[in-house]
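Down below is the structure, laid out as structure tokens.
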Amino acid sequence: MNKFYITTPIYYVNASPHIGHAYTSIIADCMARFKRISDYQVFYLTGTDEHGEKVKKAAMSLNKEVNEFVDTVSENFNRLWERLNISHDFFIRTTQSKHIETVKKFIIKLEEKGDIYKDTYKALYCVPCEAFWSESQVAEAGVCPDCKRAVEEIEEENYFFKLSKYADWFKQYLKDNPDCIKPKIRYNEVRGFIDNNDLADLCISRPKTRVSWGIEFPLDNDYVVYVWFDALINYLTGVGIFDDEARFKEWWPADIHFIGKDILRHHGIFWPIMLKALDIGMPKLVFAHGWWKFEGEKISKSRGNIVNPFDLVTALSQVLGENQDSAVDALRYFLLREVPVGMDGSFSWPALVNRINSDLANDLGNLVFRTLNMAEKYFAGQIKPNSKEIPEVFKGALEKLESNYRETMEAVEFSLALSHVFKFISVMNKFIEETKPWTLNKEGKQEELANFLYSLLEGIRIVSLYIYPVMPSTANAIRRQLKLASDSFSLKESSWGLVDTFSIEKKSPLFPRIDIKNNSD
RNA sequence: CGCGGGGUGGAGCAGUCAGGUAGCUCGCAAGGCUCAUAACCUUGAGGUCUCAGGUUCAAAUCCUGACCCCGCAACCA
């Protein structure tokens with residue numbers, strides 16, 4: 001069976017999860033589920049990044065022990081993934097001993113290769129913020145961009161990783177692999193950066209006097225490992241490098257690293273070079289998604305417009321008839337449909353409600369409801385067609401849908417994939433209008449009516465497969481109403497006529513329409 | 001002259017690479033239908049494609065210049 005290894009970044013635990021974290025995990029989840037129903041064996045890794053002074057400070061500000069604090073926040077993420085129906089296979093934490101060992105071994109091996117050296121490091125430093133800044137960030141004013149206080153130039157000894165040694169190799173690698181970073185603009189960004197800048201060596205240690213919460217630097221116990229260096233290695237720890245050779249061989253290289261566009265440099269430049277230094281294979285694809293803005297504005301703590309995914313699901317759930325599964329699916333749908341992965345999007349309550357009403361309630365939900373309603377009304381829920389022939393208008397539409405769907409899903413074009421699915425939903429709604437089943441019923445054309453309903457049910461069954469990666473609960477809800485085995489999804493079953501007779505059980509509509517006037521946020 | 005993205009009917013976007021009477025979703029208006037969640041189906045109104053020049057038989061699309069918005073500028077998750 002084909003393997004597919006997919007990762008999210010590990011999330012930094014200095015704050016609680018927000019909509020952006022949820023977005024990354026939902027994208028990865030959609031891909032993971034798509035691959036599973038395409039008969040891949042998937043390993044989906046996510047987790048939390050727990051080291052660094054910022055984490056310690058966050059803990060201290062809450063009067064908590066660091067250990068306790070990271071446990072709590074990490075658990076928050078875990079709970080969120082559960083809530084959002086994220087199907088990860090493993091949740092890694094950088095404070096786990098296995099990961100700590102991996103990082104240490106990684107650095108020792110680099111040292112053995114002669115890729116680590118100690119040097120004096122000079123930079124602009126803001127003491128109260130404990131942060132380094134580049135000259136361009138500090139600008140003419142000579143103050144910290146965060147707190148606006150004066151920065152000072154400090155000097156300290158640190159350990160460096162020889163990135164520069166691999167600069168030529170990296171340039172060639174980029175040139176030879178134009179598809180290693182997507183979307184294209186992000187690839188171009190990395191290319192442009194490399195072409196216009198000299199690659200400086202990477203400082204990978206921090207003196208304990210300044211940063212105490214981290215993995216001890218294996219070559220010198222006065223230092224800890226720089227958090228990013230520690231964090232990236234999680235992708236290797238997760239599949240057993242250094243401790244389970246067979247497993248590692250099975251899964252590495254990663255098929256997709258999903259990341260936010262803010263961490264492109266780390267994944268697009270540092271990461272491949274780190275791997276190259278130890279002769280580890282390159283990941284096949286780094287895919288950078290865009291940002292969600294809130295009503296057109298950047299989401300940030302200072303603006304106070306952070307969208308808390310827990311609250312969002314709760315609020316959505318309230319307007320969707322206290323149905324949390326629907327709320328989660330609606331959110332997943334919105335995030336994946338509204339904007340192509342890779343572009344920035346604008347999140348707002350009206351946009352969300354609008355999407356849910358027009359696509360999920362009016363088109364999909366209503367189609368399923370009206371179809372089941374007719375099946376119940378005209379045939380007491382038992383549809384036994386005397387012909388399983390596919391209607392002419394479905395034929396071309398379904399063929400196109402199948403190829404378009406696979407193509408766009410493979411290419412991480414989830415928004416397009418969904419638009420193709422909903423085009424077919426629209427074809428079915430039109431088909432009802434044109435066939436006029438109510439007339440068939442009045443004229444007593446029961447056979448024709450049964451065949452007609454069979455076609456709709458079969459179409460809906462196929463749709464349930466296609467929407468599964470995006471809306472797993474809804475896909476299951478549909479299958480339950482068709483009395484088909486739930487949680488058994490495979491794209492192999494997307495061909496026509498696999499069901500002989502339908503025996504349905506109508507429930508309440510999948511998504512109620514949300515009354516705009518009740519939009520309590 | 002730091003790098004990049006963008007300015008297309010009321011809103012959000014596609015079309016720009018390979019020029020040929022401007023397309024999609026939502027909203028709005030009228031009509032139809034009744035199996036359905038005031039839903040669904042049909043039709044319609046609404047755009048000098050940021051501006052100014054230029055190339056061309058023909059420009060949203062190519063060239064030049066300007067204006068405006070938004071990101072990013074390597075220890076920031």
Side-chain angles (χ1 to χ4, degrees), chain A residues 9-15 20-21 24 48-49 52 54-55 121 123 125 129 131-137 139 145-146 158 163 185-186 188-189 192-193 195-200 202-206 211 226-229 231 259-267 269-270 290-291 293 296-298 321 337-340 343-346 348 350-351 354-355 357-378 415-416 419 422-423 426 428-441 449 452-453 456 506 508-515:
Chain A
I10 45 175
Y11 304 107
Y12 204 51
V13 295
N14 67 334
H21 298 116
T24 315
T48 43
D49 180 9
K54 276 200 168 183
V55 171
Y121 183 55
Y125 187 64
C129 291
F132 284 104
W133 303 103
S134 68
E135 276 180 40
S136 58
Q137 287 170 314
D146 256 9
N158 266 311
L163 275 188
I185 47 163
R186 304 270 96 99
N188 292 341
E189 209 174 306
F193 181 78
D195 290 342
N196 298 325
N197 297 275
D198 287 331
L199 208 50
L202 183 67
C203 176
I204 59 168
S205 71
R206 295 291 182 274
V211 177
Y226 165 44
V227 267
W228 256 114
F229 206 76
I259 61 167
K261 65 178 183 178
D262 54 324
I263 52 175
L264 179 64
R265 299 249 165 104
H266 310 86
H267 288 80
I269 301 174
F270 303 160
W291 284 131
K293 297 183 197 175
E297 285 206 315
K298 192 175 171 177
R337 175 66 185 90
E338 189 75 358
V339 168
M343 303 267 99
D344 287 352
S346 182
S348 71
N354 190 41
R355 265 289 166 210
N357 279 347
S358 66
D359 294 2
L360 299 182
N362 295 352
D363 292 346
L364 172 62
N366 187 46
L367 170 70
V368 172
F369 190 74
R370 70 199 295 210
T371 301
L372 294 184
N373 193 60
M374 286 187 274
E376 204 170 60
K377 200 163 187 168
Y378 299 148
S415 179
L416 264 179
S419 83
F422 276 76
K423 233 173 253 165
S426 173
M428 285 196 274
N429 272 322
K430 225 166 280 184
F431 181 59
I432 297 176
E433 225 56 48
E434 282 158 8
T435 310
K436 302 190 199 314
W438 47 91
T439 308
L440 294 181
N441 182 52
L449 195 52
F452 160 80
L453 280 171
L456 288 178
K506 188 185 77 171
S508 51
L510 296 170
F511 295 92
R513 263 185 79 82
I514 299 169
D515 188 345

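Nothing here was measured: the structure is a model prediction, and the numbers come from that model. Order of the sequence lines fixes the chain letters, A, B, ..., with proteins taken first and strands second; residue numbering starts at 1 for each chain. The figures here come from the full heavy-atom set of this structure, side chains too, leaving out hydrogens, waters and symmetry mates.
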Nucleotide U25(B), atom P - distance to CG of Leu416(A) in whole Å: 14 Å
How far does the P atom of U25(B) sit from the matching atom of G44(B), given to the nearest Å? 13 Å
If I take atom CZ from residue Phe193(A) and atom CG from residue Leu264(A), how far apart are they, to the nearest 0.5 angstrom? 10.0 Å
Could you check whether Val339(A) gets within reach of a base, just the sugar-phosphate, or nothing at all, counting any heavy atom under 4.0 Å? nothing
Just how far is it from atom CZ of Phe369(A) to atom CZ of Phe511(A), taken to the nearest 0.5 Å? 14.5 Å
By the 4.0 Å heavy-atom rule, please label Trp291(A) as base, sugar-phosphate, or nothing. nothing
Of all the choices, C35(B), A77(B), C72(B), which nucleotide is nearest to the side chain of Lys54(A) once you look at every atom? A77(B)
Separation of C41(B) atom P from Leu367(A) atom CG, nearest Å, is 10 Å
Regarding Asn366(A) and Arg513(A), is there a side-chain donor-to-acceptor distance under 3.5 Å anywhere? no
Length of the line joining Asn373(A):CG and C40(B):C1', which is rounded to integer Å: 14 Å
C1' atom, G23(B) versus U64(B): distance in rounded Å? 29 Å
Decide yes or no on side chain to side chain contact (heavy atoms under 4.5 Å, CB included) for Met374(A) and Leu449(A), but give the supporting numbers first. CA-CA 10 Å; Met374(A) 286 187 274; Leu449(A) 195 52; 5.9 Å; no
Taking the side chain of Arg265(A) as heavy atoms from C-beta outward, which of A77(B), C33(B), A74(B) is closest to it? A74(B)
Hey, would you say the Phe229(A) and Phe270(A) ring centroids sit under 6.0 Å apart? no
Closest nucleotide of RNA chain B for Pro512(A) versus for Ile263(A): which of these residues is on the 5' side? Pro512(A)
Would you say Lys430(A) places a side-chain N or O within less than 4.0 Å of OP1 or OP2 belonging to U42(B)? yes
To the nearest angstrom, the CZ-P distance between Arg355(A) and C26(B) comes to 8 Å
Using the side-chain heavy atoms of Ala361(A), tell me which of these nucleotides is nearest: A77(B), U34(B), U37(B). U37(B)
Is Glu433(A) salt-bridged to Lys430(A), cutoff N-O under 4.0 Å? no
Using the P atom as the point on both nucleotides, what is the distance between G6(B) and U16(B), in whole Å? 12 Å
Looking only at atom P, what distance separates C28(B) and C68(B), rounded to whole Å? 36 Å
Spacing of Phe422(A) atom CZ relative to C26(B) atom P, expressed in whole Å: 11 Å
Would one find a side-chain N or O of Asn366(A) under 4.0 angstrom from OP1 or OP2 of C40(B)? no
Hey, does Asn429(A) reach any base, or is it just sugar-phosphate, or nothing, if we go heavy atoms under 4.0 Å? sugar-phosphate
What's the separation between atom CG in Asn429(A) and atom CG in Leu367(A), rounded to the nearest 0.5 Å? 4.5 Å
Please examine the side chains of Phe452(A) and Ile432(A), heavy atoms only from C-beta on, and report whether any two atoms are closer than 4.5 Å. yes
Please report the distance, rounded to the nearest Å, between CZ in Phe270(A) and P in C76(B). 9 Å
Could you check whether Asn188(A) gets within reach of a base, just the sugar-phosphate, or nothing at all, counting any heavy atom under 4.0 Å? nothing
Donor-acceptor check, side chain of Ser426(A) to backbone of Phe422(A), threshold 3.5 angstrom: yes or no? no
Can you identify which nucleotide, out of A77(B), A74(B), C35(B), has its nearest atom closest to the Tyr378(A) side chain? C35(B)
Taking atom P in both G46(B) and G54(B), compute the distance separating them and give it to the nearest angstrom. 31 Å
Given C33(B), A77(B), U37(B), which nucleotide is nearest the side-chain atoms of Glu433(A)? C33(B)
Need one value for Lys436(A): base, sugar-phosphate or nothing, where a base atom within 4.0 Å counts as base even if backbone is also close, heavy atoms only. nothing
Whole-Å gap separating P (C13(B)) and CZ (Arg337(A)): 13 Å
C72(B) C1' sits how many Å from Glu189(A) CD, rounded? 7 Å
For G23(B), what is the paired nucleotide under Watson-Crick or G-U wobble rules, both distances under 3.5 Å? C13(B)
Quick check for you: among A74(B), G5(B), C35(B), whose closest atom lies nearest to any side-chain atom of Ile185(A)? G5(B)
Say you pick atom P in C24(B) and the same atom in G15(B); how far apart are they, in whole Å? 15 Å
Tyr226(A) side chain N/O closer than 4.0 Å to the phosphate oxygens (OP1, OP2) of A74(B)? no
Distance, P atom - from C3(B) to A18(B), rounded to whole angstrom: 24 Å
By the Watson-Crick or G-U definition, both distances under 3.5 Å, A29(B) is matched with U43(B)
C70(B), OP1 or OP2 - any side-chain N/O from Lys293(A) closer than 4.0 Å? no
Nearest-nucleotide wise, let me know which of Met343(A) and Asp363(A) is further upstream toward the 5' end of RNA chain B. Met343(A)
For G71(B), the nucleotide meeting Watson-Crick or G-U wobble distances (both under 3.5 Å) is C3(B)
Looking only at atom C1', what distance separates C76(B) and G19(B), rounded to whole Å? 45 Å
Pairing check on U56(B): which nucleotide meets the Watson-Crick or G-U wobble criteria with it, both distances under 3.5 Å? none
Would you say the base of A77(B) stacks on Tyr11(A) (centre-to-centre below 5.5 Å, plane angle below 30°)? no
Across the strands shown, which category fits Pro437(A) at heavy-atom distances under 4.0 angstrom: base, sugar-phosphate, nothing? nothing
Between C76(B), C41(B), G71(B), which one does the side chain of Ser426(A) approach most closely? C41(B)
Please determine, for the side chain of Asn362(A), which listed nucleotide (C40(B), A77(B), C26(B)) has the closest atom? C40(B)
Out of A77(B), C40(B), U34(B), which nucleotide sits closest to the side chain of Trp438(A)? U34(B)
